[in-house]
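For reference, the structure discussed in these notes is given below.
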Amino acid sequence: MESDRPPHFKLILGSSSIARRSILTDMGYQFTLMSADIDEKSIRKEKPEELVLALAEAKAEAIMQRIPDDVEDKPTLLVTCDQVVVYEDVVREKPSSVEEAREYIRGYSKGHTATVSSVVVTNLKTGFRKGGVDRVEIYFNEISEKTIEKLIEEGMVLKVAGALLIEHPLTLPCVKEVVGTTDSVMGLPKELTEKLLKEVLATT
């Protein structure tokens, strides 16, 4: 798989997410990190797919403003992402309080939710940009109050969309079925990312 990747390009991951960093490393890429400081609440779209794409594009624009125009000779690709959780047709972003996180997780117990993740790849040399969206459906068994309180106490669920961490050792036993890939739920769908990187590189 390594051999079909053009070695002569630089990659920037526009995210501070540890999970996304881990997934991109696992895919065999070397990259640098930059994060975008944008007001996510100021960007609103009706459909979750439109929202996550708009947010990933806004992150790309914010990061590009901080990168000098004279980028190196080799192509530089910027990967930006976003994710929301959709529960009963309502978009859930990061919980604004402990109580909201608790309410979110209680709702998943014996229920169903979905993650909608976007990936946007921008060629900083040519300005060409391509994006896509991946959706995963997740079904849960019962999540006990004890488990919920442990998750809240630990705090990681307060920092992620929908307070949803299916890969967490406390949550994992409560997951009944995942229709889609775990990497997508964690915020960076590998297959989509690979496809977009190749398509954008092909335009250089």
Side-chain angles (χ1 to χ4, degrees), residues 13-23 33 35-63 80-120 131 133-189:
L13 175 61
S15 172
S16 55
S17 160
I18 295 168
R20 289 189 182 114
R21 195 185 313 171
S22 172
I23 292 164
L33 292 168
S35 58
D37 184 20
I38 65 166
D39 179 11
E40 296 192 15
K41 301 286 184 191
S42 69
I43 299 171
R44 299 291 89 182
K45 299 284 180 185
E46 201 170 310
K47 294 181 178 175
E49 292 81 4
E50 292 174 357
L51 176 62
V52 291
L53 270 176
L55 285 165
E57 286 173 0
K59 289 174 183 178
E61 292 295 331
I63 290 170
T80 49
C81 322
D82 198 75
Q83 184 185 67
V84 293
V85 170
V86 180
Y87 177 77
E88 294 182 349
D89 295 326
V90 176
V91 167
R92 289 181 166 180
E93 295 174 88
K94 291 173 189 171
S96 57
S97 65
V98 165
E99 194 44 57
E100 189 169 54
R102 191 179 284 119
E103 182 190 323
Y104 281 0
I105 302 167
R106 276 184 187 141
Y108 303 141
S109 183
K110 295 183 180 175
H112 156 253
T113 192
T115 58
V116 180
S117 303
S118 65
V119 180
V120 169
V133 173
D134 190 63
R135 184 180 176 116
V136 179
E137 307 290 331
I138 306 152
Y139 297 85
F140 289 92
N141 294 312
E142 184 178 0
I143 306 172
S144 71
E145 283 295 316
K146 188 178 177 182
T147 298
I148 293 170
E149 289 313 312
K150 278 185 181 175
L151 285 164
I152 296 288
E153 191 180 323
E154 191 199 65
M156 277 298 290
V157 291
L158 302 170
K159 300 171 186 174
V160 294
L164 183 71
L165 277 175
I166 70 159
E167 71 278 10
H168 193 286
L170 287 169
T171 315
L172 203 53
C174 306
V175 176
K176 185 178 181 181
E177 185 184 5
V178 177
V179 184
T181 62
T182 303
D183 48 84
S184 183
V185 178
M186 290 171 70
L188 190 68

For C81 against G187, the heavy-atom pair lying closest together: CB-O, 4.1 Å

Separation between CD of E145 and OG of S109, rounded to the nearest 0.5 Å: 8.5 Å

Taking Y87 for the side chain and G107 for the main chain, is one N or O donor matched with an acceptor at less than 3.5 Å? yes

Answer whether the closest heavy-atom distance between the side chains of P95 and V157 falls below 4.5 Å. no

Are any of the side-chain nitrogens in R102 or E99 under 4.0 Å away from the carboxylate oxygens of its partner? yes

How far apart are the closest heavy atoms of L158 and S97, and which atoms are they? CD2-O, 4.1 Å

Would you say S184 and T181 are linked by a side-chain donor-acceptor pair, where the criterion is simply a distance under 3.5 Å? no

To the nearest 0.5 angstrom, please state how far the OG1 atom of T80 sits from the CD atom of E57. 8.0 Å

Check whether more than 12 heavy atoms from other residues, nucleotides or ligands sit under 6.0 Å from atom CD1 of I18, and answer yes or no. no

Nearest 0.5 Å, what's the OG1-CD distance between T113 and E88? 9.0 Å

Applying the side-chain contact (heavy atoms from CB on, under 4.5 Å) test to M186, which of I23, V136, I166 qualifies? I23

First locate atom CD of E100, then atom CD1 of I105, and finally report the distance between them rounded to the nearest 0.5 Å. 11.0 Å

For S117 and V52, the nearest pair of non-hydrogen atoms, with its separation, is C-CG2, 4.3 Å

Which of parallel (below 30°), tilted (30 to 60°) and perpendicular (above 60°) describes H112 and Y139? parallel

Provide the closest heavy-atom pair for V84 versus E93 in the form atom of the first, atom of the second, distance. CG1-CG, 3.9 Å

Which heavy atom in A54 sits nearest to a heavy atom in K45, and how many Å separate them? CB-CE, 3.9 Å

Just verifying a value: how many Å separate E142 CD and T147 OG1, rounded to the nearest 0.5 Å? 9.0 Å

If we ignore hydrogens and angles and just use 3.5 Å, is the side chain of R92 paired with the main-chain N or O of V85 as donor and acceptor? no

Heavy atoms only: give me the nearest L33-S15 pair and the separation to one decimal. CD2-O, 3.8 Å

d(Q83 CD, L55 CG) to nearest 0.5 Å is 12.0 Å

